[in-house]
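Chain letters run A, B, ... following the sequence lines, proteins first and then strands; every chain starts at 1. Computed over heavy atoms, backbone and side chain alike; hydrogens, waters and symmetry mates excluded.
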Amino acid sequence: GQQVMQIPQYQHVQEGEDFTTYCNSSTTLSNIQWYKQRPGGHPVFLIQLVKSGEVKKQKRLTFQFGEAKKNSSLHITATQTTDVGTYFCAGVGGGATNKLIFGTGTLLAVQP
Amino acid sequence: KAGVTQTPRYLIKTRGQQVTLSCSPISGHRSVSWYQQTPGQGLQFLFEYFSETQRNKGNFPGRFSGRQFSNSRSEMNVSTLELGDSALYLCASSLAGGYTFGSGTRLTVV
């Protein structure tokens, strides 16, 4: 079945450093979504990418969707302590259904 | 606008019992999905409902079942509980695009 892997599993940075997490799917995706889950919380939707090669920015966050629509990345510039949490990518496979498969997640720790 | 509401928030059950969890989606959202979250397995897809029909199902045993009502509210049921069923069960609703998650039901099986 469809699998979505993320690397790294865990990243510890000093506040102000940049952070990147990478997401790879075993199958081509119709779109990819990114979520953030704070410790003790639930996933919160950040963004959806649909087009091959698409790049979107949200303030310090930059999201990319690969040309082959099988990989994606999230880059955070100048991390802040409020960025702490687990970042998940989630892919929707092709076809008529909306089955959203979550990646393994990257836990980001930010040291002040 | 109210978010996704899940009840109960916490539940403790004994092995062998059954449990029913409830999810009320955002008004107007017809798609409801359920996920199981554990530290070891991450977020695992259980099933998705749309207009009272199960549209997708994950790789869980038949002890896990669900349904959706005409008002889009959804329930999931787990029968013959096992210790390994202890997890955070998350419900999410969607209109188009991103999913909005509820706060989840923390199920502990003892």
Side-chain angles (χ1 to χ4, degrees), chain A residues 1-10 21 23-27 29-51 54 56 58 61 63 65 72 74 85-107, chain B residues 1-7 9-10 21 23-26 29-51 53-60 66 68 72 74 87-107:
Chain A
Q2 180 187 351
Q3 290 187 323
V4 182
M5 304 298 292
Q6 279 182 257
I7 54 169
Q9 281 190 314
Y10 173 78
T21 173
C23 173
N24 288 286
S25 170
S26 59
T27 59
L29 303 169
S30 62
N31 70 68
I32 194 152
Q33 302 175 12
W34 284 90
Y35 292 78
K36 176 184 178 181
Q37 184 173 20
R38 293 182 185 275
H42 56 273
V44 174
F45 174 72
L46 295 175
I47 208 162
Q48 176 175 279
L49 305 171
V50 178
K51 299 176 184 176
E54 189 170 13
K56 286 189 176 181
Q58 285 181 350
L61 277 62
F63 304 85
F65 199 10
S72 181
L74 158 60
T86 300
Y87 292 85
F88 292 97
C89 63
V92 178
T97 60
N98 266 3
K99 190 174 177 179
L100 186 66
I101 302 301
F102 276 78
T104 47
T106 296
L107 173 60
Chain B
K1 159 167 147 175
V4 177
T5 303
Q6 289 188 248
T7 56
R9 288 295 308 274
Y10 302 93
L21 311 181
C23 171
S24 293
I26 291 174
H29 286 195
R30 294 161 66 189
S31 170
V32 174
S33 295
W34 288 89
Y35 290 84
Q36 180 197 65
Q37 187 172 34
T38 58
Q41 297 297 318
L43 276 156
Q44 300 287 310
F45 174 78
L46 279 157
F47 21 66
E48 184 213 357
Y49 288 88
F50 184 85
S51 294
T53 300
Q54 188 181 85
R55 194 156 66 170
N56 279 298
K57 191 177 190 310
N59 297 323
F60 279 81
Q68 186 181 32
S72 292
S74 178
L88 179 65
Y89 290 88
L90 290 159
C91 164
S93 74
S94 171
L95 182 61
Y99 283 48
T100 302
F101 280 81
S103 298
T105 295
R106 172 76 60 186
L107 171 65

- Item | Under 4.5 Å from a heavy atom of chain A, the part of B:Gln44 involved | neither
- Do you know which two heavy atoms are closest between A:Lys99 and B:Glu48, and how far apart they sit? N-OE1, 4.3 Å
- Query: Which one, B:Gly58, B:Ser103, B:Gly42, leads in non-hydrogen pairs under 4.5 Å with chain A?
  - Reply: B:Ser103
- Task: Can you establish whether the number of heavy atoms outside A:Gln58 located under 6.0 Å from its atom CD is more than 12?
- Result: yes
- Message: For B:Leu43, which atoms come within 4.5 Å of any heavy atom of chain A: side chain, backbone, both, or neither?
- Response: both
- Separation between CD of A:Gln48 and OH of B:Tyr99, rounded to the nearest 0.5 Å: 9.5 Å
- Task: Assert yes or no for the condition that the ring centre distance of A:Phe102 to B:Tyr35 is strictly below 6.0 Å.
- Result: yes
- Search all heavy atoms of A:His42 against all heavy atoms of B:Leu90 and return the closest pair with its distance. CB-CD2, 4.0 Å
- Query: Got a sec, which residues hit side chain to side chain donor-acceptor pair (under 3.5 Å) with A:Ser25, two or more places apart in sequence or on another chain?
  - Reply: none
- Query: Which residues pass the salt bridge (Lys or Arg N to Asp or Glu O under 4.0 Å) test with B:Lys57, sequence neighbours left out?
  - Reply: none
- Item | Ring centres under 6.0 angstrom apart (A:Phe45, B:Phe101) | no
- Query: Does atom CD of B:Gln54 have more than 12 heavy-atom neighbours, drawn from other residues, nucleotides or ligands, at distances under 6.0 Å?
  - Reply: yes
